[in-house]
Amino acid sequence: MKISPSVLSCDYGRIAEELKSLEECGSDYIHIDVMDGHFVPNITLGAPVIKCVRKSCSLPFDVHLMISDPLKYAGDFCRAGADIVCFHIESDSDAGKTVDKILSCGAKAAIALKPATPAEEVFPYLDRLSMVLVMTVEPGFGGQSFMEDMLPKISAVRKEIERRGLDCEVEVDGGINFSTIAKAAAAGADVFVSGNALFSSPDRREAVEKFKSTAEQSFKKDLDKFN
Ligand code: DX5
Ligand code: ZN
């Protein structure tokens, strides 16, 4: 079970310190939301900022590209220090070529699915992915409510991974809190993005520990259903 805090909720003016604090509180990845104001109605940051903050933190950077043309920019994000480059299957880029590009640059490839996109869309690329990201809110903004109707999609992705014996993580992003994390884990997710819930916790270390133990218990309980 891994926790990937979303820096979308952090104070961007103190991003280096925030990354250090997230590392110290037991996070596994750092989730960096890249928005281009075109694929989603919001703009955040790009590869130059990622390159600058790379030296502040040794955790893997899990870079979530909410941009229209990930094929064009994937190389920049890899060179900036992204460890996992995740792009949306609904983007304008050819998904197969984008996966090839990311892998050829030495990063791990991941594909994200918006709420309306069925799980099956990602299946043709699954054997080359290290992670599938199931969005549990419409991408673009933090602080939204978890969409429970995405739970069957999380299970469908997990089941296909298990059926094919692949080493691929299932990440959930959007509205994760202490109650929704249990549901997502029970459905088969093993990487959890948290923005608002984690950043509004008085003690981040305690929050990360609680997230992990809750996910661990819930995932184990329901693992049988994937066999
Ligand atoms: C939304 C982003 C998320 C967001 C999650 O488009 O992809 O990563 O920061 O924030 P919370 O956990 O607040 O929903
Ligand atoms: Zn995200």
Side-chain angles (χ1 to χ4, degrees), residues 2-93 98-99 101-112 114 130-131 133 135 137-144 169 171-176 191-201 204 207-208:
K2 291 180 179 157
I3 305 301
S4 190
S6 168
V7 295
L8 190 61
S9 295
C10 86
D11 176 353
Y12 279 123
R14 300 172 45 251
I15 189 164
E17 290 161 55
E18 293 272 38
L19 292 181
K20 272 193 204 108
S21 127
L22 292 170
E23 186 164 9
E24 283 161 12
C25 74
S27 309
D28 299 280
Y29 294 156
I30 299 292
H31 186 85
I32 303 180
D33 289 302
V34 175
M35 306 185 190
D36 66 355
H38 187 252
F39 183 77
V40 288
N42 197 4
I43 300 176
T44 53
L45 47 79
V49 176
I50 293 176
K51 190 178 175 194
C52 289
V53 297
R54 181 61 282 191
K55 55 184 176 299
S56 308
C57 170
S58 63
L59 293 177
F61 278 2
D62 158 28
V63 177
H64 178 191
L65 298 180
M66 286 163 273
I67 65 177
S68 294
D69 194 358
L71 179 56
K72 184 172 176 186
Y73 298 101
D76 290 346
F77 286 99
C78 294
R79 283 186 290 277
D83 298 275
I84 304 164
V85 177
C86 181
F87 66 96
H88 272 267
I89 193 89
E90 308 86 0
S91 73
D92 297 338
S93 302
T98 308
V99 170
K101 177 75 186 172
I102 296 165
L103 297 178
S104 74
C105 292
K108 292 179 174 174
I111 292 182
K114 285 168 72 170
S130 67
M131 192 162 83
L133 168 50
M135 290 300 303
V137 297
E138 285 299 338
F141 299 93
Q144 303 180 73
E169 295 178 318
E171 182 178 54
V172 282
D173 182 9
I176 292 294
V191 181
F192 307 88
V193 175
S194 179
N196 270 28
L198 181 60
F199 283 83
S200 61
S201 295
R204 289 184 188 174
V208 169

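No experiment lies behind these values; they were computed from the predicted model shown.
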Side chain proximity check, Asp92 to Asp69, heavy atoms < 4.5 angstrom: no
Are any of the side-chain heavy atoms of Phe87 and Lys101 separated by less than 4.5 Å? no
Stepwise, does the side chain to side chain contact (heavy atoms under 4.5 Å, CB included) test hold for Leu45 with Tyr12? CA-CA 10 Å; Leu45 47 79; Tyr12 279 123; 3.5 Å; yes
Answer yes or no: is there a donor N or O on one side and an acceptor on the other, between the side chain of Gln144 and the main chain of Glu138, under 3.5 Å? yes
Write down the atom of Ile102, the atom of Lys108, and the distance for their closest heavy-atom approach. CG2-O, 3.5 Å
Please find the pair of heavy atoms, one from Ser27 and one from Leu22, that lie closest to each other, and give the distance. OG-O, 2.8 Å
Backbone N/O of Ser58 and side chain of Glu23: donor-acceptor pair under 3.5 Å: yes
Gap between atom CZ of Phe192 and atom CD of Glu171 - 0.5 Å precision: 10.0 Å
Quick one: does Leu65's side chain get under 4.5 Å of Tyr73's, heavy atoms only? no
Can you tell me if Arg204 uses its side chain to pair, donor with acceptor, with the backbone of Cys25 under 3.5 Å? no
For a 4.5 angstrom cut-off between non-hydrogen side-chain atoms, does Lys72 reach Ser93? no
Looking only at heavy atoms, what is the nearest atom pair of Cys10 and Glu18, with distance? CB-OE2, 3.4 Å
So, Ser6 and Asp33: side-chain donor and acceptor under 3.5 Å apart, yes or no? yes
Nearest 0.5 Å please: distance from the OG1 atom of Thr98 over to the CG atom of Leu71. 4.0 Å
Output yes when a side-chain donor or acceptor of Ser21 lies under 3.5 Å from a complementary backbone atom of Glu17, and no otherwise. no
Does CZ belonging to Phe199 count more than 12 external heavy atoms closer than 6.0 Å? yes
Does a side chain donor of either His64 or Asp62 reach within less than 3.5 Å of an acceptor in the other side chain? no
For the student: nearest non-hydrogen atoms of Ser68 and Asp36, plus distance: N-OD2, 2.8 Å
Verdict with supporting geometry, Ile32 and Val7, side chain to side chain contact (heavy atoms under 4.5 Å, CB included): CA-CA 6 Å; Ile32 303 180; Val7 295; 4.1 Å; yes
Nearest-0.5 Å distance that lies between atom CG in Leu59 and atom CD1 in Ile30: 5.0 Å
Heavy-atom pair of closest approach, residues Ile67 and Ser91: O-CB, 3.7 Å
Rounded distance [0.5 Å steps], CE in Met66 versus CE in Met35: 4.0 Å
Look up atom CG in Asp76 and atom NZ in Lys51, then write down how far apart they are to the nearest 0.5 Å. 10.5 Å
Show your reasoning for whether side chain to side chain contact (heavy atoms under 4.5 Å, CB included) applies to Ser9 and Leu198. CA-CA 9 Å; Ser9 295; Leu198 181 60; over 6 Å; no
Nearest heavy atoms of Leu103 and Ala107, plus distance in Å: CD2-O, 3.6 Å
Are Asp83 and Phe61 close enough, and set up right, to give a side chain to side chain contact (heavy atoms under 4.5 Å, CB included), and what steps lead you there? CA-CA 5 Å; Asp83 298 275; Phe61 278 2; 3.8 Å; yes
